[in-house]
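Just so you know, ligand 1 is whichever comes first in the structure, and atom 1 is the first atom listed for that ligand. Index from 1, following the sequence.
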Amino acid sequence: MPLDLHAVAGILPRGGTILRTSRTNPAKKPDGLEKCMATLKKNNVDALIAIGGDDTLSVATKLFDKGVKVVGVPKTIDNDLSGTDFTFGFDTAVNIVTEAIDRVHTTAEAHNRVMVVEVMGRDAGWIAIYSGIAGGADVILIPEQPFDVDKVAAKIRMRHGRGRYFSIVVVAEGAKFASKDALVTQSGEKDEFGHARLGGIGNTLAQEIERRTGFETRTVVLGHIQRGGSPTAFDRVLATRYGLGAIDMVHRAEFGRMAALRGNKIISVPLAEATGTNRRVDQEMMDAVFGILEDVEKEAVAG
Ligand code: F6P
């Protein structure tokens, strides 16, 4: 599809992709990468701008290693690519989840319930921690820190003992019970990148909390709602700036690199650096959340 100005007119407020590309792994298919290269050649594509998260960009890196002129653009709601401060899509997801937490507060408060909100985040808890802070969650559980469900229940009991009658728990789909090795999955099925289909930790956790506290506990699984609809202004501006950064990189023949945000500047980083390791929630963010909870615990002990 020639992406001239006419083809891209009006896409700014739209989510998803007008190209209808999807997360597929050509490296897994016999001659998959060679077929991609032949298609690029046949269509006289001078350079490939790959827009996606670690899976898409790891394939882009493989194509670059085979000689394709590649530039990457960081797009994933998970915000877990290294080398950049933010990926686009993340801010939109956080805003959707924050609004959902605000709405869930109504039922939690009206019915004295514990509400568990399950959000996306396979290896990194960025969505959970940002939306949990913004939505005033009482407990936030992320993949970076396996949790002890007895402690979670104790925290909720302590809060309710201090005159609050409801609690909100935000849990990332990739969070792990300290007592169990395995992630909670929907089925044993794996995608082309070897990822199991996660989901279900919210329900399991809710049952465990209810059993330990006796408080009525319900679950809300936000799923793909987090990944749909119109992007926020922040994401629209960021995506526009990444687009400009990427095309400038093509003109400068800066290949094998990804447009990235550092502070408020668009820079470029090696693709291999961006996809080498998942960017996890950093210590400062964790201290902000878990530090506050520890203070509450100390205060409770001191009476
Ligand atoms: O990588 C983005 C992501 O939204 C993850 O947070 C989530 O685990 C996964 O995609 C879900 O993918 P699918 O729609 O293929 O189930």
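Contact of the Ile266 side chain with the Tyr242 side chain is registered, since non-hydrogen atoms from C-beta on lie closer than 4.5 Å. Met285 has its side chain within reach of Tyr130: a pair of non-hydrogen atoms, C-beta onward, lies under 4.5 Å apart.
Only the side chain of Glu173 comes within contact range of ligand 1, with a heavy atom under 4.0 Å; no backbone atom does. Contacts between His195 and ligand 1, counted as non-hydrogen atom pairs separated by less than 4.0 Å, are absent for every part of the residue. Only the side chain of Ile77 comes within 4.0 Å of ligand 1, judged by heavy-atom distances.
Each of the following atoms of ligand 1 lies closer than 4.0 Å to a heavy atom of His224: 13 (P), 14 (O), 16 (O). The atoms of ligand 1 that sit less than 4.0 Å from any heavy atom of Gly121 are 6 (O).
For atom 5 (C) of ligand 1, the closest heavy atom belonging to the protein is Asp78 OD2, 3.4 Å. Of all protein heavy atoms, the one closest to atom 3 (C) of ligand 1 is Arg227 NH1, 3.4 Å. The protein heavy-atom contact nearest to atom 13 (P) of ligand 1 is Arg23 NH2, 3.5 Å.
Using modelled atom types, one side-chain atom of Thr92 and one backbone atom of Thr232 make a donor-acceptor pair closer than 3.5 Å.
At a threshold of 4.0 Å, the pair Glu34-Lys66 counts as salt-bridged, since one of the basic side-chain nitrogens sits closer than that to a carboxylate oxygen. Ion pairing between Asp150 and Arg212 holds under the 4.0 Å rule for side-chain N and carboxylate O.
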For Phe166 and His160, what are the C-alpha separation, side-chain angles and deciding distance, and is it a ring pair (Phe, Tyr, Trp, His ring centres under 6.0 Å)? CA-CA 7 Å; Phe166 70 92; His160 290 221; 7.6 Å; no
